[in-house]
Amino acid sequence: MSELEASGYKGHALQLLKATDCGIGDILKIISKGKSYEGILIPRSGAGSAIIIKMKNGYNIGIEATVDVKIEKIGKGIAPQFEVPPLPKQNPALPHIFIVSTGGTIASRVDYRTGAVRTAMSASDLYGVVPELADVARIDTEIIFSIYSENLTPQNWTELATKVAERIEAGIDGVVIAHGTDTMGYTSAALSFALQNLPVPVILVGAQRSSDRPSSDAATNLIGAVKAAGEAPFAEVGLAMHETSSDIAIAIHRGTKVRKCHTSRRDTFKSINASPIARVQNLKVTMNTNSYQKRDSKRKLVLKPIFCDKVALIKFYPGLDPAVIDFYVEKGFKGILLEGTGLGHVSKFCFDAIKRAIEKGVVVALASQCIWGRVDMNVYNTGRDLLSLGVIPLEDMFPETSFVKLMWVLGQTNDSKEVATIMQTNLVGEISTRTLPQNLNVDGGSQ
Ligand code: ASP
């Protein structure tokens with residue numbers, strides 16, 4: 001795919017731009033309906049056939065790529081330059097932290113020339129633009145991927161877990177993973193299962209706004225994450241993001257209990273059926289609970305990075321065609337995670353398909369799409385019927401963590417009895433024995 005296609009141009013607009021050898025960032029003159037427009041070619045989003053240019057006055061306009069439109073390239077774009085500030089001096093008395101960057105908004109910046117957001121920022125750039133980090137830790141950095149998190153796969157989780165394990169085995173005091181927020185909850189669950197018996201904290205961190213926007217949360221989240229990785233007394237996978245919509249504190253959520261809950265708010269991540277395990281305020285880490293695995297540099301990490309990618313997540317909805325379940329069975333899937341309703345139900349119309357799946361050796365487990373609360377499949381006949389078919393109820397784990405756990409368990413064993421036992425056993429804080437009262441905090445209030 002050419003840069004122009006990747007930037008959203010199609011059809012006649014693409015042909016015109018290619019014919020005149022125009023690229024993103026070049027200066028164009030467009031003549032349409034007797035009028036002439038000049039500006040920098042910028043990427044376009046959504047459907048439509050207009051060519052978008054940024055004019056000298058800063059406004060963007062779209063000009064329909066009709067057959068009579070003429071384009072002339074009048075200037076060549078200059079590739080965006082980003083001067084990395086010199087790295088601050090390292091203080092040997094501070095904890096030694098490894099920041100690994102996977103991409104996402106936290107590792108992005110806006111190219112103000114074209115308005116495009118690029119995942120162009122390396123972990124050392126991040127360090128350079130947040131010089132306060134020099135007072136918090138000694139930092140080693142590395143880019144493992146440079147992608148938005150919706151493009152990550154379980155194979156990437158395996159690579160990431162392996163990379164983190166290498167650094168931990170080499171004696172680092174803590175790890176920070178810069179990550180896109182969209183699937184950061186899936187990765188935090190995946191790493192929680194893959195990196196067992198951790199000696200030091202592993203903290204994922206993202207941002208809802210890139211570091212060059214005035215309302216960016218990138219620097220505060222990153223400082224909070226590095227502080228927690230270097231000094232927190234726990235040794236688990238955590239996720240650091242704004243606690244509220246203000247900049248006051250960073251919440252550290254347990255990796256298996258956290259979910260992205262808002263499209264744009266900076267406090268988008270919430271702990272589900274749990275409270276955040278810690279918070280960082282004024283560069284001080286405070287634990288919210290006594291129940292956590294303690295930091296212990298002598299503990300031997302156990303790396304189990306394999307995930308089975310033949311697992312489906314099926315959300316039940318009124319009218320779901322049971323053929324969807326048969327489809328996955330025929331495709332050779334080994335596990336199905338059903339997102340059931342309420343206390344743990346799917347329609348009786350699905351029962352035969354579920355029975356067929358289980359008879360063929362497919363593991364079928366169920367979590368509630370309510371997200372908050374616990375499944376209880378003994379209350380209604382529907383739940384009891386599903387239990388007698390062999391469906392595994394997953395307590396208070398919400399669907400995404402349940403799905404990742406099923407992929408991970410099926411990556412360790414094919415024995416369905418063993419799979420059922422492990423799925424219902426709390427390994428790394430993913431299942432709580434008691435359902436605590438929780439302020440749902442889902443009002444979506446002001447930003
Ligand atoms: N789509 C982006 C991602 O998840 C959004 C973000 O980084 O927050 O990578």
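Hydrogens, waters and symmetry mates are skipped; everything else that's a heavy atom, side chains included, is used. Note that ligands are numbered from 1 as they come in the structure, with each ligand's atoms numbered from 1 the same way.
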Could you list which atoms of ligand 1 come closer than 4.0 Å to a heavy atom of [X]?
{"X": "E150", "answer": "1 (N), 2 (C), 3 (C), 4 (O), 9 (O)"}
{"X": "A207", "answer": "8 (O)"}
{"X": "G104", "answer": "7 (O), 9 (O)"}

Polar proximity ligand 1 side, [X] side, N/O cut 3.5 Å exclusive:
{"X": "T183", "result": "no"}
{"X": "K260", "result": "no"}
{"X": "Y148", "result": "no"}

Just one of V164, T162, L160, V428 clears the side chain to side chain contact (heavy atoms under 4.5 Å, CB included) bar with L195, so which one?
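Of the listed options, the one satisfying the test is V164.
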Return yes when atom NZ of K56 has more than 12 non-hydrogen atoms of other residues, nucleotides or ligands closer than 6.0 Å, and no otherwise.
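It does not: K56 NZ has 12 such atoms or fewer within range.
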Suppose we measure from atom 9 (O) of ligand 1 to each protein heavy atom; which comes out shortest, and what is that distance?
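The answer is S149 N, 2.7 Å.
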Which residue owns the protein heavy atom closest to atom 7 (O) of ligand 1, what's the atom, and how far is it?
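Its nearest protein heavy-atom neighbour is T105 N, 2.7 Å.
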Strictly below 4.0 Å, N to O, side chains only: are K227 and E231 in salt-bridge contact?
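Between E231 and K227 there is a salt bridge, with a charged N closer than 4.0 Å to a carboxylate O.
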Between K73 and D26, does any NZ, NE, NH1 or NH2 come within less than 4.0 Å of an OD or OE carboxylate oxygen?
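Salt bridge between D26 and K73, a charged N being under 4.0 Å from a carboxylate O: yes.
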Measure the shortest side-chain to side-chain distance between F193 and K405 over non-hydrogen atoms and say whether it is less than 4.5 angstrom.
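F193 reaches K405 side chain to side chain.
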Do V404 and F307 have side-chain heavy atoms sitting under 4.5 Å apart?
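Contact flag for V404/F307 side chains = yes.
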Would you say T244 and D267 are linked by a side-chain donor-acceptor pair, where the criterion is simply a distance under 3.5 Å?
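Judged by distance alone, the side chains do not pair up.
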Which residue from D217, T181, L152, I147 reaches closest to atom 8 (O) of ligand 1 through any of its heavy atoms?
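Nearest heavy atom to atom 8 (O) of ligand 1 lies in T181.
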